[in-house]
Amino acid sequence: MLEGDRSDDLILHADRICKSFGTIPVLFSVSMGVRVGEIHALIGENGAGKSTLMKILSGYHAPTTGTIHLDGKPIELPTDGQAEKLGIVLIHQELSLAEQLTVEENIFLGREESRYGFLNRTHMRAQVRALLSELGLDVAPDSRISDLSIAQKQMVEIAKAISRNARILIMDEPTAVLTPAETAIFFRQIRSLKAQGVSIIFVSHKLDEVKEISDRVTILRDGQWISTKDTADMQPDSMAQLMVGRELSDLYPPKTEPDVDVPKVLRVRNLTAQGGVADVSFDLGKGEILGFAGLVGSGRTALFEAICGLSDVHSGTIEVNGRAGQFASVAQARDAGLTYLTKDRKEKGLLLNMGMRPNLTLLALPKFIRRHMINQRAEDEALVTAKRRFDIRARDHRVNMRDLSGGNQQKLLLAKIMESQPNIVVVDEPTRGIDVGTKQQIYHFIAALAQDGMSIILISSEMPEVIGMCHRVAVMREGRLMTVLSGDEINENEIVRYAAGLKEARADERLSA
Amino acid sequence: EDKIKIGVSYPTPTHAWAAGMNWHAENAAKRLEALYPDIDIILVNSPDPSAQASALEDLVSVNQIDALVVLPFESEPLTDPVLNVKKSGAFITVVDRGLSQPGIEDLYVAGNNPELGRVSAAYMKTRLKDGDNIVVLRGIPTVIDTERFDAFMAELEGSGINVLDHKHANWNRDDGFEVMQDFLSRFPDIDAVWAQDDDIAIGVVAALKQAGRDGDGMFVIGGAGMKETIKSIMDGDTLIPIDVLYPPAMLATAMDLTVANFKSNGPVAGRYILGATVITPENAEQFYFPDSPF
Amino acid sequence: MSDSAHDRGVQMKLPRFDIKTMGPAIALILLCIIGYALNPAFASEGNITNLLTRSAFIGIIAVGATFVITSGGIDLSVGSMAAVIAGVMIIIMNNVVDTFGAGVTTVLIGCGCSVILGLGAGWANGFLTTKGKIEAFIVTLGTMGIYRSLVTYFADGGTLSLDFSIRGTYRPVYYDSFFGLPIPVWVFIVVAIVGWILLNRTAFGRYCMAIGSNEAVARYSAINVDRIKTWTYVIQGLCVSLATIIYVPRLGSASSSTGVLWELEAIAAVIIGGTVLKGGYGRIGGTILGALILTTIGNILNFTDLISNYLNGTMQGLIIIVAVWLQRGDWGRARRAKT
Amino acid sequence: MSDSAHDRGVQMKLPRFDIKTMGPAIALILLCIIGYALNPAFASEGNITNLLTRSAFIGIIAVGATFVITSGGIDLSVGSMAAVIAGVMIIIMNNVVDTFGAGVTTVLIGCGCSVILGLGAGWANGFLTTKGKIEAFIVTLGTMGIYRSLVTYFADGGTLSLDFSIRGTYRPVYYDSFFGLPIPVWVFIVVAIVGWILLNRTAFGRYCMAIGSNEAVARYSAINVDRIKTWTYVIQGLCVSLATIIYVPRLGSASSSTGVLWELEAIAAVIIGGTVLKGGYGRIGGTILGALILTTIGNILNFTDLISNYLNGTMQGLIIIVAVWLQRGDWGRARRAKT
Ligand SMILES: Nc1ncnc2c1ncn2[C@@H]1O[C@H](COP(=O)(O)OP(=O)(O)OP(=O)(O)O)[C@@H](O)[C@H]1O
Ligand SMILES: Nc1ncnc2c1ncn2[C@@H]1O[C@H](COP(=O)(O)OP(=O)(O)OP(=O)(O)O)[C@@H](O)[C@H]1O
Ligand SMILES: [Mg+2]
Ligand SMILES: [Mg+2]
């Protein structure tokens with residue numbers, strides 16, 4: 001029994017759960033419980049077993065040993081989402097929406113309202129509309145999921161979960177792709193659910209969020225339960241320390257002064273492109289880390305997808321390493337030394353039904369060809385190196401991508417991009433779902449690359465990340481570049497005001513380094 | 001525009017015999033239209049019975065035909081559709097496959113399927129003795145095949161000739177080749193093969209030659225009257241000593257007779273059954289049409 | 001979020017949706033214009049009626065196929081299933097005619113058996129696919145062979161014919177009209193409407209799309225995936241049995257060549273209509289148009305002797321490709337986005 | 001994570017992988033045992049040789065189909081393509097024989113034309129699918145009709161026969177042996193090995209799987225999706241032309257019934273072999289076994305008269321379903337996980 005827990009006030013309680021996949025153990029006798037009307041955070045390193053535990057608590061996996069108690073009584077949870085009938089709802093870490101269906105269809109999937117056997121569409125649509133406007137989500141109920149951006153999908157997923165009238169809402173990294181603005185809206189919803197007596201378990205790697213929202217925190221490490229504490233007694237630093245098992249030094253590497261005279265490796269002028277990008281101009285210097293901030297849908301992704309040959313450029317010029325760089329394909333961009341890391345790792349980043357090796361080398365495959373054949377030895381070596389460099393933890397190296405933990409998938413995606421040895425890399429939400437320990441490693445890694453002369457565009461919705469890492473920060477709003485901040489201007493206040501349109505676009509100086 | 005419109009409907013040629021029939025029909029159409037400027041012949045072929053039923057509907061509703069020459073895919077399914085054409089007042093000529101209701105057609109022109117089987121068996125009896133073994137390669141499982149096969153077996157009865165096995169080779173050279181290969185692996189002693197059709201026979205001969213079992217008086221009987229087969233009979237091949245005719249020109253014959261109904265003085269009606277002639281080196285010449293695809 | 005934004009979103013969607021929906025319709029209209037140009041008799045009432053009646057068979061089967069394909073499956077057995085159902089129906093009616101006479105009772109018994117057989121055959125396909133966990137392609141390729149050979153066996157290689165005394169009673173089901181439209185067309189209309197409602201206005205239809213779109217998501221949404229998938233095959237079986245019920249009185253017989261290649265025609269009708277072969281998106285309306293397009297192509301080719309009969313297949317192939325290409329418009333993007 | 005854990009992982013995976021791979025092999029061995037039990041002549045050298053030679057046609061075509069299916073496409077036109085290529089090849093050889101004589105030159109010209117036609121027909125399928133953005137099912141259904149009707153047209157509905165003088169030169173390509181194996185078998189082996197290397201050891205094969213698995217990911221990974229997809233159809237065309245080159249000398253003829261239903265057999269071989277119909281996972285080895293299984297089923301049925309001829313299709317269907325069910329084992333889970 002957990003210290004300080006009286007089991008009678010626990011609504012859902014996992015008791016000494018062990019879980020193995022095949023013969024590979026993932027959880028070792030983990031116990032965790034949530035009280036009525038409590039927000040309980042679960043934190044731990046990538047691959048610690050958080051998602052697995054959440055799936056066990058909501059019936060998607062059966063524990064190998066151990067029991068689940070609901071309302072104090074031992075229970076065998078029904079599989080495949082049927083636990084929803086018991087009031088337990090899970091938002092999966094990997095989005096689970098049907099891409100070809102509409103927002104409304106997804107939100108009501110599996111519990112459609114029917115009258116005389118016919119769908120009551122007006123009623124459902126009205127509810128969806130109300131729900132979406134409550135969440136401040138600007139999409140129509142009949143938009144197809146495949147047309148939405150990843151953050152919008154996440155918000156739809158949240159709307160779906162909220163609409164299910166759960167008693168226990170379990171959320172696996174719901175905020176990973178959200179910007180602070182959306183996270184704030186989301187937290188407002190969470191608090192109001194809590195006020196209605198809903199118990200909430202949520203997983204996050206953003207420790208300040210954990211500090212802000214949760215009542216108690218449970219920490220897992222390598223499948224072991226480490227501790228459960230009141231959030232009030234902890235600070236993000238101490239959480240990180242418990243997670244990683246060692247003291248974390250500074251999260252961000254010290255910033256180097258940008259050199260004013262470096263050559264420009266990327267020069268974009270008056271770029272107008274698919275996805276609402278309008279008249280964007282900026283420069284990127286060699287060895288520079290340029291941040292891109294903005295709200296969801298501000299066009300950052302669209303801008304760089306256009307630059308990297310993934311979507312159509314309507315007008316404007318792009319210069320890469322001094323040469324015209326209008327790329328017709330990703331391969332051309334790659335060969336010119338420019339690569340793009342997508343934030344949509346499931347739909348655009350990784351082949352989920354394949355193993356780590358083919359995923360790692362897919363982008364840079366020409367590099368691995370010897371005498372017209374794939375040099376599998378070189379691939380294996382690359383995988384070993386990548387695993388070490390990015391701390392990719394898989395208990396079984398032939399595991400399918402799908403069965404890797406979310407954070408480790410992200411690390412492999414990062415490794416895949418780096419495998420092509422670009423000299424300009426655009427990373428879109430690179431640390432999505434990555435634990436603090438690894439984040440620190442990745443930040444240092446990026447900084448080192450920049451030191452070595454690689455130029456980096458960092459698109460991120462995590463304000464501290466942008467502020468902590470970047471030499472300059474560009475802010476976008478509705479497809480336009482509002483400003484490029486540098487030096488002391490790089491602070492949260494300034495960025496938010498440009499992003500929200502509270503400050504007008506600055507024409508001056510925005511190109512200078 | 002007061003032309004006499006004659007619709008000719010028959011199955012889409014999917015094997016050479018039908019192509020020969022098509023060739024004869026097209027030639028007849030050209031010849032008849034040249035001969036009689038007021039005759040308009042519309043040839044339509046269909047890939048299956050219900051498409052043929054549709055084609056008949058179209059001939060009535062669109063082309064408003066005065067006469068129909070039809071070689072039905074199958075008797076049963078086309079009886080009603082032909083009856084509907086009849087109700088529009090058209091003259092009906094049925095070719096080859098009789099309808100399942102008597103009295104619809106004004107004129108009936110046909111080959112003789114049971115006779116083909118019977119004649120083939122009769123020839124077998126002249127060449128083989130009690131205790132000899134044969135194998136049979138049949139066509140596509142349809143009434144035609146069943147009629148030929150049943151008559152063949154009936155004629156063979158009591159002769160002491162063993163039919164080792166019979167399999168469907170679908171009037172197809174490739175299937176004939178493969179089925180015969182397997183028969184050869186399976187039965188060490190085969191004295192003759194009834195292939196029922198010249199296409200199958202070509203496959204059978206190829207398999208025999210491959211296995212080196214085409215000597216020792218072994219022979220193959222096909223059927224229908226393919227030009228290559230007739231040529232080789234003319235040349236005195238012993239492997240295929242004879243062929244049994246199933247005249248591919250029967251549709252053309254029916255067209256001639258139908259036109260005669262409009263152009264000659266007396267009405268043409270009745271039944272014309274074309275025999276299953278045995279083609280031998282002596283009479284082969286008169287059945288040889290080198291330009292026909294069959 | 002303001003209401004106006006909502007409306008904007010909705011309005012923006014509409015025209016796109018229309019082009020998509022209009023594709024097959026435009027193709028059909030073009031075909032009709034070509035048909036009329038070749039021969040004005042194309043537009044005669046008799047021909048239009050024939051055309052609609054003919055479309056009914058493939059159309060009804062294709063409505064069922066829309067469900068199967070939308071939920072990510074495929075059914076290659078429908079043509080053979082139609083043949084074996086027709087055969088068994090005829091055998092049964094011929095056998096009970098002595099007991100019940102050549103009246104409506106016998107025909108109803110026949111139709112009842114047809115429905116039961118259709119449901120059973122569909123269920124077998126569904127069961128093997130879901131519980132047997134065998135690829136639908138293989139299951140239905142297998143049952144296609146099985147059903148086809150069963151009808152050959154029952155017919156002893158020949159043709160099964162309906163007793164002539166029953167034909168009189170049964171005939172009107174194909175040949176009679178009702179308010180100016182032949183009965184098969186009415187059946188087609190009813191099946192289409194019911195199918196449309198089922199796919200677009202009931203939870204079942206949504207489940208089909210969800211399963212076709214992402215089976216895991218559907219399962220996580222507490223949808224009984226296996227049950228829904230089995231139901232799609234059962235519906236397909238029911239549609240086949242209905243098509244058979246109106247097919248049998250037309251020709252009064254069944255043989256091993258009945259319904260050959262209907263499966264490809266039905267699937268083609270579904271795909272021409274805009275349903276996605278990999279599942280997740282289905283359109284009954286498009287399917288109906290697809291069936292009409294296929295029948296019209298055949299009809300037009302019967303109308304002209306401009307081209308060699310042997311080249312009919314070429315024309316048919318070209319027209320199908322062009323018809324789908326015509327409606328591709330927005331589709332390319334939509335599909336790309338999907339993957 | 002320790003190294004020993006690594007090793008453990010690898011060992012643990014191996015048996016699972018084996019079951020999956022062994023499925024079709026076990027089915028084939030079972031079939032052979034049944035064949036031998038029915039008739040020991042099944043195991044005679046002649047029969048085994050026949051069996052292998054026959055498998056060569058479908059097998060070679062199925063190797064091409066493995067690429068198409070692995071990358072998420074489908075090709076229904078292969079049977080008709082084989083027929084039209086065979087037809088044109090014969091026409092060309094018959095025409096050049098006067099100029100070049102009945103020697104090897106003429107045969108080589110014929111083979112060259114076959115290869116060019118195969119590449120061209122495959123390219124046409126690929127181009128329409130990728131640039132035309134039309135569903136592969138529709139494109140190849142269309143070209144299936146077109147090719148089939150073209151061969152009928154060229155043959156005037158009948159049969160195109162190779163000039164007798166050339167047959168002597170060309171015959172050995174089918175009938176002769178080399179180190180105890182007929183030449184078609186050697187071609188099959190070479191195609192299989194090349195196909196295996198291409199799919200499993202080259203970037204192209206990797207790209208095929210990536211595209212079939214997720215087209216968007218492939219595009220984001222700098223893969224020229226359209227080009228690779230077109231290549232899979234071109235490879236399919238090449239395989240068809242190779243199969244045709246060894247087919248023509250067998251009977252020296254081509255007709256509209258040549259290659260009917262080969263597309264279904266080829267696809268069935270691929271799926272029986274364990275390749276996933278929706279793409280993303282392909283196995284050449286399995287495909288070879290699949291082709292052997294299909295041929296063996298036909299062969300066994302010719303070796304017994306235990307069951308009515310009419311029920312051949314039933315046996316065939318049942319065996320295919322059971323063969324796939326046998327190898328399902330781990331597959332069911334694997335496939336479910338994929339979706
Ligand atoms: N279905 C599965 N089969 C095999 N191994 C699995 C499966 N699911 C998860 N694992 C393994 O279990 C371990 C724990 O994974 P889990 O997803 O629970 O981690 P996590 O704590 O959620 O990590 P993250 O923060 O990266 O999301 C990982 O090593 C993962 O590879
Ligand atoms: N009008 C459009 N048509 C098609 N795709 C669009 C359109 N607008 C945006 N997209 C796509 O949606 C995705 C996200 O859009 P966008 O670039 O606007 O987001 P963003 O600024 O990166 O926001 P965030 O990353 O914070 O979610 C991109 O893949 C983009 O190509
Ligand atoms: Mg996780
Ligand atoms: Mg972005």
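Quick note on labels: first sequence line is chain A, next is B, and so on, each numbered from 1.
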With a 4.5 angstrom heavy-atom cut-off, could you sort out which part of [X] is near chain D: side chain, backbone, both or neither?
X        : result
A:Ser329 : neither
A:Met373 : both
A:Ile369 : side chain
A:Gln376 : side chain
A:Leu350 : backbone
A:Ser420 : neither

Practice item. For A:Leu362 and D:Tyr207, run side chain to side chain contact (heavy atoms under 4.5 Å, CB included): C-alpha distance rounded to whole Å, both residues' side-chain angles, the deciding distance at 0.1 Å, then the answer. Key: CA-CA 8 Å; A:Leu362 195 60; D:Tyr207 291 160; 4.2 Å; yes

Review point. How far apart are the C-alpha atoms of A:Glu419 and A:Arg334, what are their side-chain angles, what is the distance that settles it, and do they pass the salt bridge (Lys or Arg N to Asp or Glu O under 4.0 Å) test?
Key: CA-CA 11 Å; A:Glu419 204 57 56; A:Arg334 176 197 62 198; over 6 Å; no

Review point. Considering only heavy atoms, which portion of D:Asn200 lies under 4.5 Å from any heavy atom of chain A: side chain, backbone, both, or neither?
Key: backbone

**Study point:** Short side-chain donor-acceptor distance under 3.5 Å, A:Glu305 and D:Tyr220
**Key:** yes

Check your understanding: Does one side chain, of A:Ser405 or A:Lys50, offer a donor that lies under 3.5 Å from an acceptor on the other?
Key -> no

Exercise for review: Over all heavy atoms of both residues, which pair between A:Ala48 and A:Leu220 is shortest? Give the atoms and the distance, please.
Suggested key: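 Looking at all heavy atoms of both residues, the closest pair is CB-O, 4.0 Å.
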
Practice item. Go through A:Ile374, A:Asp222, A:Asp403 and name the one with the most non-hydrogen pairs under 4.5 angstrom from chain D. Key: A:Ile374

**Study point:** Cationic tip of A:Lys19 above A:Phe21 ring, under 6.0 Å, 45° of axis
**Key:**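 Yes, A:Lys19 sits over the ring of A:Phe21.
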
**Study point:** Heavy-atom pairs under 4.5 Å with chain A, option from D:Thr202, D:Ile223, D:Leu198 with the top count
**Key:**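 Top option by heavy-atom pairs under 4.5 Å: D:Thr202.
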
Review point. Given the rule in the salt bridge (Lys or Arg N to Asp or Glu O under 4.0 Å) test, do A:Glu379 and D:Arg206 qualify, once you have shown the distances and angles that lead to the verdict?
Key: CA-CA 13 Å; A:Glu379 275 190 297; D:Arg206 190 65 69 74; 2.7 Å; yes

